[in-house]
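Here is the structure we will look at.
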Amino acid sequence: MQRPKLMALILLAGGIIVAAFILFRAQPVSAAQLALRSDPFPLAVGRTTLMLTLKDGSGSPISDAAITVTGENGHSGTLPVVGTAIVQQDGEYQFRLVWPSMGPWLVSVAATIPGSDEVIADQYKVYIYPISPNLGTLNSAFQSAKTTEELISANSSREMWVVIDQGTKAELSMGHDKIPLELRLNVHGQNTLVIRNDDIAAHSVGPFFVRPGETIRQEFTEPAEFVGFCSISRTGSINIIVEG
């Protein structure tokens with residue numbers, strides 16, 4: 001009479017162990033995170049190295065993933081730049097890329113986790129300079145396009161975002177506008193202005209001064225109008241209107 005009960009307990013315990021193992025294996029994949037840095041930072045025309053860090057949901061490094069890295073600038077006739085893997089150690093993967101021209105590029109990363117068919121993908125806006133400026137200890141991480149889109153979408157009913165891309169100052173010197181001449185908010189709706197500066201230079205947007213890597217938020221509770229200098233507009237000025 002005891003043997004069937006014993007067998008049932010063994011089968012139950014085995015089932016729990018298998019389920020726990022499956023859960024343990026599956027959870028880090030869905031929560032895996034990518035982070036991208038470069039040497040030099042920012043990037044420059046010629047040979048560079050991109051450092052990609054891949055971690056699971058608990059922050060532990062994921063090794064032996066199959067990763068592709070591609071850079072595209074969207075200009076007709078310009079071929080994509082494909083990364084060549086050179087080093088992999090403790091969840092950090094290094095790729096060699098040779099950039100043929102300056103300007104804004106989009107780096108696409110896709111990582112297939114070992115033991116899974118799931119692909120973790122992201123994109124990063126980068127700017128290729130003729131010669132990389134000497135930035136000292138400035139953070140060398142690039143912003144995730146996916147995370148940025150999620151932030152903007154999640155708060156769009158209350159927040160108006162202005163993202164200053166890397167290379168904005170360089171692009172403006174060539175006559176390219178980066179922002180509308182007028183921003184309209186409403187105290188009863190989209191009442192908060194968020195400005196994130198991903199450029200390597202400080203910028204002014206009306207009364208707001210934003211340093212490299214900084215994000216500022218300004219909530220408006222009363223109607224107002226601000227006219228002032230704007231370093232990311234070719235005209236050099238901007239009008240911020242807060243309606244009631």
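One-based numbering along the sequence shown.
Between Ala121 and Leu34, the closest heavy-atom pair is C-CD1, 4.2 Å. Counting all heavy atoms, side chain and backbone alike, Thr48 lies closest to Pro40 at CG2-CD, 3.8 Å. A pairwise comparison of heavy atoms in Gln88 and Ser63 identifies OE1-CB, 3.6 Å as the closest pair. When all heavy atoms are compared, the tightest approach of Ala111 to Leu54 is CB-CD2, 4.1 Å. Ala32 and Ile113 get closest at one heavy-atom pair: CB-CD1, 4.4 Å. Of all non-hydrogen atoms in Tyr127 and Gly167, the two that sit nearest each other are CG-CA, 3.5 Å.
Ile120 and Met51 are members of different hydrophobic clusters when ILVMFWY side chains are connected at heavy-atom separations under 4.5 Å. Hydrophobic clustering keeps Ile200 apart from Leu106 (ILVMFWY residues linked when any side-chain heavy atoms are closer than 4.5 Å, directly or through intermediates). In the hydrophobic cluster analysis, where Ile, Leu, Val, Met, Phe, Trp and Tyr join through side-chain heavy atoms closer than 4.5 angstrom, Ile67 is grouped together with Leu97. Both Val187 and Leu193 belong to a single network of hydrophobic side chains, linked directly or stepwise wherever heavy atoms of I, L, V, M, F, W or Y lie under 4.5 Å apart.
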If you apply the rule side chain to side chain contact (heavy atoms under 4.5 Å, CB included), what do you find for Thr68 with Val82, and how did you get there?
CA-CA 8 Å; Thr68 61; Val82 179; over 6 Å; no

Intermediate values then yes/no, side chain to side chain contact (heavy atoms under 4.5 Å, CB included), Val45 and Ser101:
CA-CA 6 Å; Val45 172; Ser101 61; 5.6 Å; no

Evaluate the side chain to side chain contact (heavy atoms under 4.5 Å, CB included) criterion for residues Val242 and Asn186: first the C-alpha distance (whole Å), next the side-chain angles of each, then the deciding distance (0.1 Å), finally the verdict.
CA-CA 5 Å; Val242 184; Asn186 193 299; over 6 Å; no

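Side chains of Ile62 and Pro114 form a contact here, defined as non-hydrogen atoms less than 4.5 Å apart. The side-chain heavy atoms of Val163 and Asp198, taken from C-beta on, include a pair separated by under 4.5 Å. In this structure, Thr235 and Leu181 have side chains that are in contact, with non-hydrogen atoms separated by less than 4.5 Å. Between Cys230 and Ser237, every side-chain heavy-atom pair lies at or beyond the 4.5 Å cut-off. Counting heavy atoms from C-beta on, the side chains of Thr70 and Val107 never come closer than 4.5 Å. Between Leu185 and Ile240 the shortest side-chain heavy-atom distance falls below 4.5 Å. Using a 4.5 Å cut-off on side-chain heavy atoms (C-beta onward), Ser38 and Phe142 make contact. Contact annotation: the side chain of Asp165 never approaches that of Pro104 to less than 4.5 Å [non-hydrogen atoms, C-beta and beyond].
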Identify all side-chain donor-acceptor contacts of residues 201-213 below 3.5 Å with residues at least two apart in sequence or on another chain.
residue: His203; atom: ND1; partner: Ser231; partner atom: OG; Å: 2.8
residue: His203; atom: NE2; partner: Asp199; partner atom: OD2; Å: 2.8
residue: Arg211; atom: NH2; partner: Glu214; partner atom: OE2; Å: 3.0

Please list every donor-acceptor pair under 3.5 Å in which a side-chain atom of residues 151-162 meets a protein atom from a residue at least two apart or in another chain.
residue: Asn155; atom: ND2; partner: Leu151; partner atom: O; Å: 2.9
residue: Ser156; atom: OG; partner: Ser153; partner atom: O; Å: 3.3
residue: Arg158; atom: NH1; partner: Gly189; partner atom: O; Å: 3.4
residue: Glu159; atom: OE1; partner: Trp161; partner atom: NE1; Å: 2.9
residue: Glu159; atom: OE2; partner: Arg217; partner atom: NE; Å: 3.4

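Listed by chain and number, the residues in a side chain to side chain donor-acceptor pair (under 3.5 Å) with Thr192 amount to none (sequence neighbours excluded). In this structure, Glu150 has no salt bridge (charged side-chain N to carboxylate O under 4.0 Å, His left out) partners at least two apart in sequence or on a different chain. Ile241 pairs by the side-chain contact (heavy atoms from CB on, under 4.5 Å) definition with Glu182, Arg184, Glu225, Asn239, Glu243, not counting sequence neighbours. For Glu222, the salt bridge (charged side-chain N to carboxylate O under 4.0 Å, His left out) test picks out no residue, with sequence neighbours left out. Taking Glu149 as the reference, nothing meets the salt bridge (charged side-chain N to carboxylate O under 4.0 Å, His left out) condition, with sequence neighbours excluded. In this view, Asp122 satisfies the salt bridge (charged side-chain N to carboxylate O under 4.0 Å, His left out) rule with no residue, not counting sequence neighbours.
With Ser132 contributing its side chain and Pro42 its backbone, the two residues share a donor-acceptor pair below 3.5 Å. A donor-acceptor pair under 3.5 Å is absent between the side-chain atoms of Thr112 and the main chain of Val119, judged by distance alone.
Note on residues 91-105: pairs passing salt bridge (Lys or Arg N to Asp or Glu O under 4.0 Å), not counting sequence neighbours, are Arg37-Glu92. The stretch residues 217-244 participates, sequence neighbours left out, in these ring pair (Phe, Tyr, Trp, His ring centres under 6.0 Å) pairs: Phe220-Phe226. A ring pair (Phe, Tyr, Trp, His ring centres under 6.0 Å) check over residues 83-124, counting only residues at least two apart or in different chains, returns the pairs Trp99-Trp105.
Grouped by direct or indirect side-chain proximity (heavy atoms under 4.5 Å, Ile/Leu/Val/Met/Phe/Trp/Tyr only), Val87 sits with Ile86.
A donor atom on one side chain and an acceptor atom on the other are not found under 3.5 Å apart for Thr49 and Gln94.
Between atom NZ of residue Lys55 and atom OG of residue Ser60 there is a gap of 9.0 Å, rounded to the nearest 0.5 Å.
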